[in-house]
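Data first, discussion second: the structure below is written as structure tokens.
Letters go in sequence order (proteins before strands), and every chain restarts at 1.
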Amino acid sequence: MSNVSSSAVHHEAHEHHEEGFIRKYIFSMDHKMISKQFLITGIIMGMIGMIMSLLFRMQLAWPNESFGFLSTLLGKWAPDGKLDPNFYLALVTIHGTIMVFYVLTAGLSGTFSNLLIPYQVGARDMASPFMNMLSYWFFFMSSVVLLISLFVETGPASGGWTIYPPLSALPEAMPGSGSGMTLWLVAIILFIASSLLGGINYISTILNMRTKGMSMNRMPLTIWAFFFTAILGLLAFPVLLGGGLLLIFDRSFGTSFYLSDIWVNGVGALNNTGGSPILFQHLFWFLGHPEVYIILMPALGITSEVIATNARKPIFGYTAMVISLLGISFLSFLVWGHHMFVTGMNPFLGEVFMILTLIIAVPSAVKTFNYLATLWKGNIQFTPGMLFAIGLVSLFISGGLTGIFLGNATLDINLHDTYFVVAHFHLVMGSAAIFGMLAGIYHWFPRMYGRYMNNTLGYIHFWVTFAAAYLVFFPMHFMGIAGVPRRYYQFTLLPEFGIWMDVNVLITIAAIVGGSAQVIFVWNFFYSIFKGKKAPQNPWKSNTLEWTAPVERIHGNWEGDIPTVYRWPYDYSRPDSEEDFIPQNVPDEGHSEEKVAPKTAPVAPEHKEVEEDNSVSFSILKRLFGFAR
Amino acid sequence: MNFNLGKQISRLMAIIALVLVSFSRTGAQDAANGKSLFETHCTSCHAIESKLIGPALGGVSDRREEAWLLNWIKNSQAMVKSGDPIAVKLFNENNKSIMNSFENLSDGEIKDILAYIATGGEKAAPEPGPGTDQTGVTTTGGAASEGTPGWMIAAIMLALIVIIVQIFNILKLVSDYTSIPFFNSQRTNAQLMIIFLVLGLFGAFWEFANHGKYMLTDNAASEHGSSIDLMFNITLGITLFVFVVTQITLFFYAYAYRGREGRKATFYAHNNKLEVIWTIIPAIVLTVLVLNGFNMWAKITDKAPEDAEQIEVFAYQFGWKVRYPGADKTLGQSNFNLISGTNAVGVGVKSEYNNVLEEAKETLRALTDERDFLALNTNPTPEEAEEISMVEKKYKLAVGHHRRLLALANNERVFDGTGEDDVFPNEIHLPVGKAVNFNFRARDVIHSAYMPYFRVQMNCVPGMPTKFWFKPTKTTAEMRQDLAAQGREDAATFEYYLFCAKICGAAHFNMKMKVVVETQAEYDAWLKEQTEKNSPYLKSETPVKADNASEASKEIVLN
């Protein structure tokens, strides 16, 4: 990118910046502010999702108790202080939706892609700041619509976050499939719009706006992770959009994409013929499985960066890490069928999906071993961020290994839709991704607010959360292997599951304790924004470019020229250097080994100038969306 | 007058039933029969003491007239539509969940159920019988009767967290004041890593020691299940090994390489040999697992043997219906358009077809009239407009249903006569050592038939029949012995069950059906008994006998 045009943008943007409160804090086009908006919305949604999970955990642990405050809080949904079964399912559904989409997709990827992509590739802002702002506001509207759906008379969507039709298509089958479901679909469509706007932006920024010398193979692993994540999102979300639209047609306009041969109690035989409920599952999981990696890969990217920085060691096997990310991204599109082994689909398809699913375990294993090798003979600094990154690796191992059971169609027969699945995905993509997000928050908090978060509170937060995560999800493996199905409102009517009562109580108590630890975090977060200890420019002695920018988070990120990059981001503890880190913008004096630090010659500025796109379509885009090139 | 009389009678009945139950268990035929009927038909949505999907039923005979209850249970929607004030109120109170209609239950049977409800459902002392696991109930009851220990613990834990934070704050103040570092975060965190590892591994082991015997890993009651168990154990062995090794490595590295002043990390950025090793080894192990799983999967999903018993399991909100093929060993064809109060799974039987067609014609005629009448209203208020659109919707459904029924009229395939002798028991019985082919269908939404001890699960999808065949290898009695040998407390009362594993609505948690595996002789005897008792269409030509089915069809005629 040329310095001239970028500083022009800088000045232009700077004038907007002066316009006042609304421009600066609400309809901001600055990537740093947008990332904070995503983060804070994500934290709020996360707390809501967590409280929901505590409510239904209480139902599972104390099914015969009546809690007075529940009827105060929930009104008709908790008559006599006991959750209504329909509302129990609604809570499960909305908890899943919020956590998967609103916290771990938007809250995690939205926050850190926005914050780090321009900073770490050396750009003044996103390719299109305006689209970036739109992305947040679509997300915000989507959150509002989802929260509104909680107050609909017939209750919010309650057919599970996977909203399988016919259950989700027939208001007669379940009250939650009425207007609550319509609002859910509207919310998700807005969410997809947000996600696509963001994704296009991330990809174009990474491809086009890297600073001088920032070749692809000098990008930090975070950026690689965000890059692949954005590509996955861009390819997968439109399929869910299609699936969701067809569901809307079935629900509201009498089509039969997913419905056939149905007789509903109270209505009788329906007219729909020829559709297939399984079709929806194919469309859903074509997004749904890449979605798992959309959630996980940014967390892994953050972990790579945090572990390398705090172990004071280069990340082990940079190239292998990138290749395994690529492998995971590619394979994640070919494994969706492992969610459907027992739907009665053609057994041959089951075989294909089984093979592809188990192949995807290989790159995941490589990543784990590389993390371990990075820690080996390191000089580990236990910052709260580092603790959460180590926690992620532990949870990723625990949750990942159970994937080998579930990916095997034969074993899946008896484990499908049991608590084993709940344990598996809560460890590997729930807890692990949340840990990645928390690692990122602690690590980049000084970058976002110029202050530290309180370390002691961070340590307490980590250890309580870590213990709680294992106490909540590990015992569920045993329940699952014993054949306890998931999404059950209570087990008291099934005496054969009575032995799990104590375990359920243990899990719920651990969940409540773990939940309270998040209150410590939230307090620490908001307190530190205003009162935290002031942080220096490069608090963790890190190599990446974001720490070369001034502590005052100015518009355009750097005063004067954007730094030029001379080396890869992982020159920690080089034997030939006094300091144990060498930032990327430190000129290379020619003693780095080619083998160790992959590099290409810095790109000359005039070389890029030629690529200016003057096509009509691009100039329209430029005018409409303010593409800055 | 009439109202009071009804109330008195039902009260009296309840008292009689109570007396009968409390004085002579064996003589309480009504309530005992009611209990089994209650468990078959009602428990998916109702409990006696507490509200579930529907309201609590305790004292229902006091609240309502018996005639009202009979009507309501048989067809609640009809009552709501007819505008019965209590019915409408109930419907709205319960979030407009539609109660299943039980037109197949006779008055006598419903009265039995009411009598059972009046006994209070034996809540105090659960009878250790089929399906009631003594230990389970006591555990459950225990949690309830001890008040709120969990709450207390949670509150204490919360307080503990606050205290910990406070202690840290105080210590920090002290150390700031005296400038003596009271804790070295590096060292403490590193030590906590090791403590966490040890406690964690111990916890996992403890959990395994305590609940390992409930894991379904070596007690499959089916032929393919044993192979699944073997594969499960192999996979468990491999993953457990990797789990322990990697977790120990991770936490140990975190401890051993904790940061210290003046120390520098080793610059070690890559090693292709290592990368290749830890790519190839997992790849090989996974290949072995895949090939193993691949072969098993192919075997399990292969076609059922020719001589397999055919059984149909039909899922609906919220329960299961089973169908045995009867004497001709062939399950009759079915069609969702034929579903009615007396034909729950929509079997292709001519007599049923005529009834349904008659009914559909009637509905269509009524709706046509109503629609024509409403069309006269050229300037409807919003409420009327809503009613018009409702009627329009129903009319379209009625037209479609009627049209599809007419199209079925001469369908030789559906009415090939194989359905006439089908048997509809209330439980699944299987002969040991003989292949069984389960045919799954669903009426309304996706359900999933899950029989954990047979290692069987298959979704029941509306519009897409699915199958799963297997060979049970242990009778219920044998399984009880095996479980007792494993030290399971619930062995004596163990039963196989069919559960629903796919979220299907409010009472998803409560769809279960007993499965009994028995010897061929026992099975034959049971099937013979069921054929006499529960094959409604075989007998519909020769009525008289006062059993459920013929009584039920009489009701319909009277209606």
Side-chain angles (χ1 to χ4, degrees), chain A residues 64 85-86 160 166-167 173-175 260-266 269 271 312-314 317 320 342-344 347 358 362 365 369 375 377-382 397 401 408-410 413-414 417 456 478 481-483 485 487-489 492-493 495-496 498 501 505 509 512-513 516 573-575 596, chain B residues 77 95 98 132-133 136-137 139-140 144 150 153-154 157-158 168 186 189 211 214-216 239 243 246 249 253-254 257-259 263-267 269-270 275 278 282-283 286 290 293 296-297 301 336-337 339 400-401 443-445 452 455 457 459 461-463 466 501 503 505-506 509-510:
Chain A
N64 297 325
N86 274 310
L167 186 60
M174 162 181 249
S260 186
D261 295 17
I262 291 169
W263 193 99
V264 185
N265 193 22
N271 283 342
R312 315 306 298 159
K313 265 191 77 182
V342 297
T343 51
L358 293 193
V362 176
F369 290 131
L375 290 176
K377 288 204 172 174
N379 190 31
I380 298 170
Q381 310 296 310
F382 285 116
I397 296 170
L401 284 170
N408 186 335
T410 316
I413 292 173
N414 217 46
D417 270 329
T456 314
F478 294 88
I481 299 172
R487 287 167 173 161
Y488 269 27
Y489 166 67
T492 49
L493 292 160
E496 51 280 13
M501 213 54 227
V505 171
I509 292 173
I512 292 174
V513 173
S516 351
S573 301
R574 282 187 72 96
V596 172
Chain B
Q77 276 305 297
N95 303 322
I98 295 162
T132 323
D133 159 16
V137 170
T139 327
T140 320
I153 295 169
M157 296 296 268
L158 257 176
F168 268 96
Q186 290 292 56
N189 277 313
H211 288 120
Y214 297 101
M215 287 168 42
L216 305 182
T239 47
F243 173 76
T246 44
T249 314
Y253 280 1
Y257 303 115
R258 65 190 178 277
R263 203 168 150 269
K264 206 168 170 187
T266 308
F267 186 84
H270 74 159
E275 299 281 2
W278 61 49
L286 287 168
V290 166
M296 265 316 294
W297 176 252
T301 55
F336 78 106
N337 290 301
I339 294 174
H401 191 210
R443 188 176 81 179
D444 29 38
V445 302
R455 314 291 187 259
Q457 179 167 195
N459 285 7
V461 186
T466 52
I503 182 171
F509 67 97
N510 210 7

| note | Whatever's closer than 4.5 Å to a heavy atom in chain A on B/V461 counts as side chain
| Partner chain B: residue of A/V362, A/N265, A/L167, A/V264 with the largest heavy-atom pair count (under 4.5 Å) | A/N265
| remark: Most contact-rich option vs chain A, by heavy-atom pairs under 4.5 angstrom, among B/M296, B/R443, B/R258, is B/R443
| query | Do B/W297 and A/N408 touch side chain to side chain, with heavy atoms closer than 4.5 Å? | reply | no
| Which of B/T301, B/T466, B/T239 touches chain A most, by non-hydrogen pairs under 4.5 Å | B/T239
| Within a strict 4.5 Å, meaning less than it, do heavy atoms of the B/P462 and A/I262 side chains meet? | yes
| Where do A/R487 and B/I503 come nearest, in terms of heavy atoms and distance? | NH1-CG2, 3.6 Å
| query | Hey, which of B/Y214, B/W278, B/F243 has the most heavy atom pairs under 4.5 Å with chain A? | reply | B/W278
| field | Test item: A/D417 and A/P485 side chains (from C-beta on) under 4.5 Å apart, heavy atoms | value | no
| Structural part of B/E275 lying under 4.5 Å from a heavy atom of chain A | side chain
| field | Pairwise side-chain contact, A/F369 with B/T246, heavy-atom cut-off 4.5 Å (strictly under) | value | yes
| Below 4.5 Å, heavy atoms only, C-beta onward: do B/Y257 and B/R263 meet side chain to side chain? | yes
| said: Which atoms of A/A365 are under 4.5 Å from chain B, going by heavy atoms: the side chain, the backbone, both sets, or neither? | reply: side chain
| message | Counting heavy-atom pairs closer than 4.5 Å to chain B, which one of A/P575, A/G378, A/G160 comes out on top? | response | A/G378
| message | Which one wins on heavy-atom pair count under 4.5 Å against chain A: B/T249, B/I339, B/D444? | response | B/I339
| message | Quick one: does any side-chain atom of B/K264 pair with a main-chain N or O of A/R574 as donor and acceptor, under 3.5 Å? | response | yes
| What residue in A/M174, A/R312, A/K313 has the most heavy-atom pairs under 4.5 Å with chain B? | A/K313
| Are any of the side-chain heavy atoms of A/N414 and B/Q457 separated by less than 4.5 Å? | no
| field | Pairs of heavy atoms under 4.5 Å with chain A: top-ranked of B/G463, B/G259, B/G400 | value | B/G259
